[in-house]
Undergrad: 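To start, I am sharing the structure in question, which I have written as structure tokens.
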Amino acid sequence: MALHVYFCVSPCIVFVHHVRSEQVRMLDRFSNKSTSGTLHLTATHLIFVESNAAVTTILHHHIASVEKLSLTTNGCPLVIQCRNFRVVHFVVQKERDCHDIYSSLLRLLRPVSYEELYAFSYNPKQNDQQREEGWQLIDLGAEFERMGVPCDQWQLTDVNRDYKICDTYPRDLYVPITASKPIIVGSSKFRSKGRFPVLTYFYQEKKAAVCRCSQPLSGFSARCLEDESMLQAISKANHNSRFVYVMDTRPKLNAMANRAAGKGYENEDNYSNIRFQFVGIENIHVMRSSLQKLLEVVGSRSLSASDYLLGLESSGWLRHVKAVVDAAICLTKAVTVEGASVLVHCSDGWDRTAQVCSLGALLMDPYYRTIKGFMVLIEKDWISFGHKFADRCDQLDGDPKEVSPVFTQFLDCVWQLTEQFPQAFEFSEWLLLQIHEHVHSCQYGNLLANNQRQREELQLKDRTHSLWAFLLSEQQNYVNPAYCPGHAETHPVLEPSTFHIFVLLFLTSLNLYLDIVSHMKPTICPQETVPSRLFNEVLDTICPSLLSTINRCLINGTVPSCFKHEAVQPLFKNSDLDLTVLSNFNCHSYQTFLRK
Amino acid sequence: MEFSEHIKTANVEDVVLRRPFYQPTKGTLCVTGHHLIFSNRGGDSARPFLLLLRNIDAIEKRPSVSSGTITLKCKDLCVLQLDIPGMEECLNIASSIESLSSLETVSEMYPFFYRPPFLSLQDQWGLSSTEQHYAQMKEIHDGWRVSQVNRDYSVSPSYPPAVIVPHSIDDETLVKAARFRQGGRFPVLCYYHRETGTVIMRSSQPLSGANRKRCREDELLLQAVIDGSELGYIIDTRSSQQAQQARMTGGGFESKSCYRGWKRLHRQLEKGKVLQESLIKLVEACGDQSHSVDRWLSKLENSKWLSHVQTALSTAGLVAECVERDGHSVLVHGSEGTDTSLLVSSLAQLILDPDSRTLAGFLGLLEREWVQAGHPFQQRCAHSAYSHVRLRHEAPVFVLLLDCVWQLARQFPLAMGFSEPLLLRLAKEVYASDYGTFLCNSDQERCVTGVKERTHCLFQSLLRANERQHYSNPLYERTELAIWPSIQPPSLQLWKGLFLQWTDDALHLVEAQKVIQNLVSQCHRPLNEKVENTDG
């Protein structure tokens with residue numbers, strides 16, 4: 001094998017750096033089976049071409065970590081963990097080659113500036129006009145109009161036109177008409193990062209508002225008259241209720257600890273007409289380690305059902321998901337049943353606040369349960385209000401403590417709802433999976449960077465493409481076949497039970513999805529031939545929605561079959577068998593299929 | 001009739017019925033010999049609510065001065081509540097239900113009285129007989145024959161009159177081999193694999209006992225199975241320790257020296273009390289809405305139900321593996337050979353045999369491997385998860401089978417010709433039924449009590465045109481290949497359709513399933529027509 005470094009240009013991907021490594025083997029995750037082939041490294045992708053021409057492609061941005069394990073008799077193992085939870089295991093025959101690949105990957109993995117991201121080189125063969133039109137598909141101004149804002153109580157303010165008040169908020173903000181500029185400025189000075197209370201969702205039926213902000217800089221005793229008037233203004237804008245709920249989504253203990261740092265939470269005595277309450281969603285560090293534990297459990301081989309359930313429990317992931325959904329339910333009840341306005345915040349108001357506000361809106365408003373509506377929702381509550389996608393999703397080489405699966409968790413919550421109300425959502429699991437892929441792929445501009453200001457500085461709209469345009473262009477793939485538009489009329493507000501959340505697991509399906517990608521080899525999978533045949537016939541007849549049914553089948557069914565197919569293969573090699581017979585069978589767990 | 005002795009109060013007015021998914025309704029409650037009938041007093045179009053008394057697993061009464069509440073916990077896991085005015089009426093009703101629901105005499109059970117207009121007692125009872133099954137499998141006629149050695153049930157009381165055995169073994173040898181097997185359940189054929197020409201057989205444990213007795217005829221019988229090929233596998237559904245212990249009570253296992261060419265593998269499958277308690281814990285966990293996720297997961301884990309599913313599927317996978325990949329014949333047995341052996345052999349057949357994955361084929365499989373093969377349904381399904389009665393022979397082996405089949409169907413949505421509603425229907429019918437199929441413990445008992453003459457057959461009824469439609473899988477596309485299930489824990493899921501069917505979520509899911517079913521069958525219709533045309 002030789003190390004080639006050369007330049008070449010392909011229609012789609014620019015090969016800048018090209019390492020070929022023959023005699024590489026890829027190990028199957030669930031068995032001891034391996035396939036040999038050639039490993040290519042391009043500027044943007046890692047490509048493994050098997051001898052039977054099957055191709056595995058991994059975007060560099062998807063790679064979370066590369067690990068070189070100690071040398072074995074077969075060669076040097078290289079384990080690649082992906083952000084979409086895929087794990088790929090290569091064995092390279094010569095150690096020097098392995099080291100070359102390893103160090104090249106390390107270099108390629110850590111982009112330090114936005115310009116290195118895939119979105120800036122990705123070219124789907126669109127002209128500028130198409131690109132521009134793509135960016136115009138989602139319009140937040142129109143979205144607020146749809147909600148009925150501006151209205152007699154709420155207005156558009158231009159205070160943040162130049163990002164002077166708050167550089168992590170969007171330019172266009174909606175506030176109560178009684179909130180004058182001095183009140184806004186004063187309030188923003190009293191809030192962490194200047195994130196003062198603004199409107200995020202307006203429940204037209206009861207004229208109740210969902211507002212968001214960051215924690216007040218109250219410390220142990222500080223108060224701010226402008227901030228108090230701001231909340232007063234929000235309260236007055238709603239004639240249905242005498243008070244405003246203030247939902248602090250943090251656990252009480254965390255909020256109290258913040259007081260020592262000059263931050264904290266609203267004192268009910270200082271604010272007239274508020275009802276304050278804590279919700280108790282844990283912070284980004286807890287979520288990060290929870291997901292880490294969960295992935296360890298899901299990824300471990302030959303696990304018994306009991307160990308799996310115990311591992312699931314100790315990861316706490318489902319408990320956290322439940323906490324978020326519970327908070328959204330609480331918000332929804334306050335707004336739709338009591339008709340009260342609610343102000344939601346956490347510490348900075350861009351993680352838990354985004355989760356709760358967007359999930360709440362999803363429960364309250366059927367529009368957000370459509371494909372386009374869901375995109376609008378993400379655009380509004382996550383992108384424009386400054387969820388730090390770059391930091392949280394580790395898009396650039398940065399502080400590992402800033403990384404956290406907050407958005408993944410939100411998608412998991414949504415998935416739980418789609419499972420519980422299969423008829424209420426126009427989109428299927430596939431849309432959630434696609435969005436999750438692209439948060440990390442950095443292929444489109446929408447989910448890059450930390451806030452709108454940064455995006456404008458990067459001129460993302462001129463230099464990259466919009467994810468929403470891409471997803472909308474193939475939206476028939478994401479239609480949920482069970483969706484009934486009439487469901488929205490009978491159930492405008494969803495009332496989920498959080499009891500069954502744990503029964504289902506988002507990651508399971510994520511995993512399966514990934515295995516689909518990596519195992520799409522018709523020769524291996526017994527079921528594969530069947531759906532593809534059905535596929536073609538049905539496409540002839542009608543119904544794109546069946547397509548996604550079958551996609552679902554593929555998710556649920558085909559995949560396990562194929563990796564299982566492999567998992568059992570080495571089962572009856574004589575060596576294994578003799579062992580089983582001769583010795584006490586209890587000691588053996590050498591094969592997943594032979595457990596117990 | 002004797003039933004009237006048990007009925008102290010036949011009618012009560014102004015009873016309030018509370019059941020899942022319905023508003024509480026007021027109406028008249030009526031107790032009959034086999035049913036609770038509740039009719040809405042308004043007399044509107046709604047049909048009266050009918051509950052088979054046999055379906056009631058546990059009854060809890062809370063009488064107070066002027067009224068009383070009866071909570072009925074059913075074997076289909078539904079929980080109902082009746083508010084009855086009048087303490088005396090309440091107590092009377094409760095005691096009637098208690099005594100009527102626990103009647104043990106088979107010939108007094110409802111299937112002997114059920115006479116629907118669409119079925120006739122002249123219809124054939126059951127789908128097929130051993131002889132018919134044998135006649136269909138032309139390829140085994142050289143090596144195998146039907147033996148009538150058990151025609152009067154004297155050789156094995158729990159076997160059907162006819163069984164399939166190797167051609168070279170005569171009835172005399174069978175009789176002797178049967179004496180060496182518990183309950184006379186000598187090894188018989190249950191599946192022949194065309195591709196490799198190997199078979200799956202099942203039996204009960206050999207009675208080798210503490211002093212390692214041998215039986216020449218039994219050895220001959222097994223020798224005849226692997227005649228020509230050099231190897232066969234015996235899958236013992238007990239741990240090797242359990243098998244060793246069984247020798248102390250007269251049971252045992254096939255020793256290596258006596259059975260040349262047969263390799264024994266042990267896979268411990270739980271049964272009996274352990275399994276029943278697992279079900280009880282699982283149902284308790286599912287009924288617990290106390291909203292703590294972590295505790296719930298612990299409870300689910302603690303029930304071990306999913307572990308049982310995992311073990312059953314992996315053992316069946318092992319059997320199928322031996323037959324399909326290695327091309328060796330397999331003998332499956334545990335101790336009695338009426339529970340886990342049947343579970344494993346029928347699951348292995350589903351994995352291997354496309355014929356058993358059609359609707360009719362699956363019912364045929366159940367009839368052969370469970371009803372005819374003598375699974376003691378009456379003992380195993382006397383009580384379900386709610387009962388406070390001391391456990392005797394209860395064990396949800398059949399429910400475990402259905403769960404495993406559901407897991408298979410979930411992993412291979414296109415491979416099964418039947419749908420989840422069929423599995424749910426069977427899970428309900430096995431405990432309380434209008435039909436005679438799951439009555440009694442063996443073929444012999446069914447003959448003695450006249451089940452075959454005086455009751456209707458569930459399987460026949462399920463295959464009627466309009467039912468068939470409901471229980472077919474619209475996505476079904478036959479595959480000739482084996483379907484290897486994943487037994488990775490994330491691939492195994494709690495069977496929500498069964499264990500959470502009475503919770504609120506179920507409604508949404510059922511609705512959505514209907515929508516999908518309609519959609520798919522709409523898309524499918526032209527497709528099916530096309531397929532039929534090409535066939536013709």
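Lettering of chains follows the sequences in order, A, B, ..., and the numbering in each one begins at 1.
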Undergrad: With rounding to the nearest 0.5 angstrom, report the OG to CD distance, Ser306(A) to Gln310(B).
TA: 8.5 Å
Undergrad: Say you draw a straight line from NZ of Lys496(B) to CD of Glu419(A); how long is it, rounded to the nearest 0.5 Å?
TA: 5.5 Å
Undergrad: Scan Leu309(A), Leu310(A), Leu312(A) and name whichever one has a side chain to side chain contact (heavy atoms under 4.5 Å, CB included) with Leu300(B).
TA: Leu309(A)
Undergrad: Step through the shown structure and confirm whether more than 12 heavy atoms of other residues, nucleotides or ligands are within 6.0 Å of CD on Glu495(A).
TA: no
Undergrad: How far does CD of Glu301(B) sit from OH of Tyr308(A), to the nearest 0.5 angstrom?
TA: 13.0 Å
Undergrad: Looking only at heavy atoms, which two atoms of Pro489(B) and Ser304(A) are closest? And how far apart?
TA: CG-O, 3.6 Å
